[in-house]
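Numbers for residues simply follow the sequence, beginning at 1. All values derive from a computational prediction rather than experimental measurement.
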Amino acid sequence: MMAKISSKGHKSRSAGRFGTRYGTKARKIIGDTEEKMRAEYTCSKCGAKKIARIGTGIWQCSKCEHTFAGGSYVPQSPAHTTVLRAVQGVKAEINKQLDSAR
């Protein structure tokens, strides 16, 4: 999703450090990505909003020190969500077969 232009000079937000280089569209995309990367995320282990990116695809909760692999710029990538949904569907199907066998 591209950023909404609210006033002159605020199109690229954090990518403003590039000045006029690389073009407006690339700077907007970088701004959006960095905004998602620095957003607050909830830890799946302790529930605190203390998740921080410590490397490419490596995320860590600063409260409970839980470290896990995730997406490059967000803790749970769309591919991760798709895989979880598929696994839950298979689990539900197996449970349904086990219940009918009993």
Side-chain angles (χ1 to χ4, degrees):
M1 182 172 97
M2 299 298 280
K4 185 179 179 183
I5 301 168
S6 58
S7 63
K8 185 177 179 183
H10 296 281
K11 290 180 186 176
S12 52
R13 299 164 317 243
S14 65
R17 66 183 181 272
F18 298 125
T20 58
R21 293 169 288 176
Y22 313 115
T24 306
K25 188 171 182 177
R27 285 184 279 127
K28 282 182 188 177
I29 291 170
I30 289 171
D32 289 344
T33 303
E34 288 181 346
E35 203 168 87
K36 286 179 192 171
M37 189 174 73
R38 294 184 181 127
E40 288 185 341
Y41 293 102
T42 305
C43 178
S44 60
K45 191 173 182 183
C46 69
K49 288 188 173 182
K50 297 283 186 175
I51 298 291
R53 182 179 182 255
I54 58 172
T56 304
I58 302 170
W59 297 84
Q60 185 175 39
C61 176
S62 60
K63 184 178 178 187
C64 67
E65 301 291 323
H66 175 62
T67 305
F68 59 95
S72 294
Y73 302 107
V74 290
Q76 291 185 341
S77 65
H80 174 118
T81 307
T82 303
V83 169
L84 282 181
R85 199 176 304 133
V87 168
Q88 286 177 347
V90 170
K91 277 185 178 179
E93 195 172 301
I94 288 172
N95 286 337
K96 196 175 183 180
Q97 288 175 354
L98 289 175
D99 288 342
S100 66
R102 290 180 191 168

Novice: Do any side-chain atoms of residues 64-81 form donor-acceptor pairs under 3.5 angstrom with protein atoms, and if so which ones, sequence neighbours left out?
Specialist:
residue: Glu65; atom: OE1; partner: Gln60; partner atom: NE2; Å: 3.3
residue: Thr67; atom: OG1; partner: Gln60; partner atom: NE2; Å: 3.2
residue: Ser77; atom: OG; partner: His80; partner atom: N; Å: 3.3
residue: Thr81; atom: OG1; partner: Ser77; partner atom: O; Å: 3.3

Novice: About how many Å separate CD of Gln88 and NZ of Lys91, when rounded to the nearest 0.5 Å?
Specialist: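 That separation rounds to 7.5 Å.
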
Novice: For the pair Arg13 and Ile30, evaluate side chain to side chain contact (heavy atoms under 4.5 Å, CB included) and give the outcome as yes or no after the intermediate values.
Specialist: CA-CA 9 Å; Arg13 299 164 317 243; Ile30 289 171; over 6 Å; no

Novice: Only counting residues at least two apart or in another chain, list the ones meeting side-chain contact (heavy atoms from CB on, under 4.5 Å) with Val90.
Specialist: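 Result, side-chain contact (heavy atoms from CB on, under 4.5 Å) vs Val90: Ile94.
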
Novice: Sequence neighbours excluded, which residues qualify as side-chain contact (heavy atoms from CB on, under 4.5 Å) partners of Lys49?
Specialist: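 In terms of side-chain contact (heavy atoms from CB on, under 4.5 Å), with neighbours along the sequence ignored, Lys49 is linked to Glu40, Thr42.
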
Novice: Taking only residues two or more places apart in sequence or in another chain, which ones pass side-chain hydrogen bond (donor to acceptor under 3.5 Å, both in side chains) with Ser14?
Specialist: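 For Ser14 the side-chain hydrogen bond (donor to acceptor under 3.5 Å, both in side chains) partners, ignoring immediate neighbours, are Glu34.
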
Novice: Keeping to residues at least two apart or across chains, list the ring pair (Phe, Tyr, Trp, His ring centres under 6.0 Å) pairs with something in residues 12-37.
Specialist: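 Pairs touching residues 12-37 that pass the test: Phe18-Tyr22.
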
Novice: Taking all atoms of both residues into account, what is the closest heavy-atom pair of Met37 and Arg53, and its distance?
Specialist: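 Of all heavy-atom pairs spanning Met37 and Arg53, the closest is SD-NH1, 3.4 Å.
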
Novice: Taking the side chain from Arg27 and the backbone from Gly19, do they hold a donor-acceptor pair closer than 3.5 Å?
Specialist: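 Such a contact is found between Arg27 side chain and Gly19 backbone.
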
Novice: CD1 of Ile54 to SG of Cys61: how many Å apart, nearest 0.5 Å?
Specialist: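 Going from CD1 on Ile54 over to SG on Cys61, the span is 11.5 Å.
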
